[in-house]
S.K.: 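Structure provided below as structure tokens; questions to follow.
Since we're looking at a predicted model, the values are computed, not measured.
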Amino acid sequence: MSNQPNIAVVGAGVVGLTVAKLLQEQLNNCNITVIADKYNNETTSHVAAGIFRPGTSFKGPTDEITKRWIDRSWNYWDDILKTSEAPQLGVMSLSTYIFSKQNPHVTKNHLIEDLVPIYRAASEAELTLGPQGTKYGAFFSTLKVECESYLPYTANKIVEKGAKLVNGKVESFASLSNFDLVFNCAGMGAKYLCNDHDLVPIRGQVIKVRAPWVKMAFYGDYDTYIIPGMNGTVTLGGVRQYDSYNLDYCKHDAAAIRERCCELLPNLKTAEVVSNMVGLRPHRKPVRVEPEVINGLKVVHCYGHGGYGVMTAPGTAMDAVDIGVNFLRSNIRSKM
Ligand SMILES: Cc1cc2nc3c(=O)[nH]c(=O)nc-3n(C[C@H](O)[C@H](O)[C@H](O)COP(=O)(O)OP(=O)(O)OC[C@H]3O[C@@H](n4cnc5c(N)ncnc54)[C@H](O)[C@@H]3O)c2cc1C
């Protein structure tokens, strides 16, 4: 055991656990320790509906890398969708309408139009499914990943294969000097670990309701969305409040979300509320996936996925793991 590299992954959200899983698959001989102060339903990942629909402003360091992250992520989730493990991992397919009264632009998405099986303009008849006055619309087939299932299932899998999960807050990278390599997948926590002023929270709030009759996702104007999940629960959203750190539930946001969603899909009026959730999207342009040596410690950063971290976790994690493996091989080849 002693000649195996010791690798820490800081963060147990969708990014950290995906990095740990891919790392374990790529390196047969290594000791992986996931360190996090929040797991499962305490993470931002748990708040997300997890739909695969990147905002068109989602950005890696270049357009080519952005597209690679998206394409590889899609293929990763789509491959899971074809396996019997999909329900346990929380991966499901989802047909989606996006409607707008004002703006044709929002119904288009250059990042996925050529990737998902169907992406097309809505017909005149389909536009009548939107709220009164709907002028523009698109239909597309996509998928979603429920972190409620994905996080605990993935954590169990990596532990079965030898990884350790540790509960605790990392105050600085100096405290990890006994590791050969560290992956920084701390989401918003990276702001403090790296003193990164480019990482900004975009506050979100959602309502989870019971509405098993909703089988498709719907998007409307003003960041309104209705995204069904696996067990009859539907996520209603949303808000995007830039630079807000407020994790408290806001009844005004909830009322506005409910009103907008009911305009989009009136049969939601009777849906019972299961829970209200708030999360801070870790927004950064570009998303940071790169190596850094910090006081002799090899660190690979993988954070800043904003509102799109569930869907893009695999593509970014693949790059982070490749960087990490090369980083490790560059100096301690004998240990691998
Ligand atoms: C309302 C809302 C809706 C969303 N909808 C979608 C969607 O539909 N599709 C989509 O793809 N994305 C969506 N997102 C975005 C998505 O949730 C995030 O991009 C994603 O969860 C980021 O994952 P992460 O692993 O980087 O961060 P997190 O899930 O926040 O995990 C960070 C981890 O790092 C740990 N950590 C942080 N600092 C430290 C430290 N110093 N020491 C130890 N541990 C530390 C935390 O404890 C935690 O385990 C949504 C977000 C919100 C808020």
Side-chain angles (χ1 to χ4, degrees), residues 6-28 30-52 69-70 72-94 143-168 170 181-190 229-231 233 235 277 279 282 287 289 300-303 305 308-322 324-325:
N6 289 313
I7 302 175
V9 177
V10 182
V14 65
V15 176
L17 292 184
T18 306
V19 163
K21 182 170 187 281
L22 297 184
L23 193 60
Q24 215 173 37
E25 285 167 5
Q26 194 152 327
L27 289 181
N28 297 325
C30 66
N31 303 315
I32 299 176
T33 306
V34 175
I35 309 170
D37 58 352
K38 288 178 182 157
Y39 283 85
N40 298 321
N41 61 359
E42 294 185 312
T43 63
T44 310
S45 302
H46 181 84
V47 177
I51 194 169
F52 199 105
W69 287 347
I70 303 241
R72 284 181 166 181
S73 297
W74 172 266
N75 291 334
Y76 183 86
W77 296 124
D78 194 41
D79 284 349
I80 289 178
L81 203 52
K82 293 171 192 143
T83 69
S84 57
E85 235 186 346
Q88 289 150 292
L89 281 158
V91 185
M92 60 182 271
S93 54
L94 196 58
L143 52 79
K144 78 162 241 170
V145 184
E146 292 195 342
C147 281
E148 189 180 342
S149 305
Y150 179 78
L151 296 183
Y153 189 80
T154 307
N156 281 341
K157 283 280 168 197
I158 61 171
V159 167
E160 269 171 25
K161 289 187 180 165
K164 274 196 292 185
L165 304 184
V166 172
N167 224 311
V170 175
L181 177 67
V182 172
F183 286 87
N184 171 19
C185 310
M188 271 313 297
M230 275 178 168
N231 55 6
T233 305
T235 304
M277 291 185 187
V287 179
V289 181
V300 180
H301 302 289
C302 190
Y303 66 84
H305 299 65
Y308 313 106
V310 178
M311 52 159 287
T312 58
T316 53
M318 284 173 204
D319 273 13
V321 167
D322 283 349
V325 169

S.K.: Please report the interatomic distance CG(Leu17) to OH(Tyr39), rounded to the nearest 0.5 Å.
M.R.: 8.0 Å
S.K.: Side chains of Ile158 and Leu165, heavy atoms from C-beta outward: is any pair under 4.5 Å?
M.R.: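 Yes. Closest side-chain heavy atoms under 4.5 Å.
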S.K.: With the side chain counted from C-beta on, respond yes when Tyr76 and Leu22 share a heavy-atom pair under 4.5 Å apart, and no when they do not.
M.R.: yes
S.K.: Between Lys157 (side chain) and Lys21 (backbone), is there a donor-acceptor pair under 3.5 Å?
M.R.: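 Not a single qualifying donor-acceptor pair exists.
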S.K.: Determine whether a donor-acceptor pair (N or O, by modelled atom type, separation under 3.5 Å) exists between the side chain of Trp77 and the backbone of Val91.
M.R.: no
S.K.: Please report the interatomic distance CG(Asn28) to NZ(Lys161), rounded to the nearest 0.5 Å.
M.R.: 10.0 Å
S.K.: Applying side chain to side chain contact (heavy atoms under 4.5 Å, CB included), run through Tyr308 and Val287 and close with a yes or a no.
M.R.: CA-CA 10 Å; Tyr308 313 106; Val287 179; over 6 Å; no
S.K.: Does Ser45 form a side chain to side chain contact (heavy atoms under 4.5 Å, CB included) with Leu151? I'd like the steps, not just the answer.
M.R.: CA-CA 9 Å; Ser45 302; Leu151 296 183; 4.1 Å; yes
S.K.: Going from OG1 on Thr33 to NZ on Lys164, what distance comes out if it is rounded to the nearest 0.5 angstrom?
M.R.: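 Spacing of OG1 (Thr33) from NZ (Lys164) equals 4.5 Å.
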S.K.: Would you check if Ile70 and Phe52 make a side-chain contact, meaning some heavy-atom pair closer than 4.5 Å?
M.R.: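 Contact flag for Ile70/Phe52 side chains = yes.
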S.K.: Is the number of heavy atoms from other residues, nucleotides or ligands within 6.0 Å of CD (Glu146) greater than 12?
M.R.: yes
S.K.: Quick check: closest heavy atoms across Ser149 and Pro152, and the distance to 0.1 Å?
M.R.: O-CD, 3.4 Å
S.K.: For the residue pair Thr43 and Lys38, what are the closest heavy atoms and their distance?
M.R.: CG2-O, 3.6 Å
S.K.: Considering non-hydrogen atoms only, spot the tightest contact between Pro282 and Gly187 and give its length.
M.R.: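 Looking at all heavy atoms of both residues, the closest pair is CB-C, 4.0 Å.
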S.K.: Does Leu89 reach the side chain of Thr154, with side-chain heavy atoms less than 4.5 Å apart?
M.R.: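 Yes, side chains in contact.
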S.K.: Taking atom types as modelled, is there a side-chain donor on Asn41 or His46 under 3.5 Å from an acceptor on the other?
M.R.: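 No pair is found: no donor N or O on one side chain lies under 3.5 Å from an acceptor on the other.
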S.K.: When rounded to the nearest 0.5 angstrom, what distance separates CE in Met318 from CH2 in Trp69?
M.R.: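 If we round to the nearest 0.5 Å, Met318:CE and Trp69:CH2 are 13.0 Å apart.
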S.K.: Quick check on side-chain contact (heavy atoms from CB on, under 4.5 Å): which of Leu27, Val34, Val19, Val182 does Ile7 satisfy it with?
M.R.: Leu27
S.K.: Where do Val14 and Val310 come nearest, in terms of heavy atoms and distance?
M.R.: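 Minimum heavy-atom contact is CG1-CA, 3.9 Å.
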S.K.: Would you name the heavy atoms of Val15 and Cys302 that are closest together and state the gap between them?
M.R.: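 For Val15 and Cys302, the tightest heavy-atom pair comes out as CG1-O, 3.5 Å.
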S.K.: Can you name the closest pair of heavy atoms from Ala20 and Ile32 and give their distance?
M.R.: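 Smallest heavy-atom distance, with atoms named: O-CD1, 3.8 Å.
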S.K.: Within a strict 4.5 Å, meaning less than it, do heavy atoms of the Asp319 and Thr316 side chains meet?
M.R.: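 No, too far: nothing below the 4.5 Å cut-off.
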S.K.: Can you tell me how far apart CD1 (Ile80) and CG (Asn75) are? Round to the nearest 0.5 Å.
M.R.: 11.5 Å
S.K.: Measure the shortest side-chain to side-chain distance between Leu23 and Phe183 over non-hydrogen atoms and say whether it is less than 4.5 angstrom.
M.R.: yes
S.K.: Quick one: CD on Gln88 to CG on Asn156, what's the gap to the nearest 0.5 Å?
M.R.: 11.0 Å
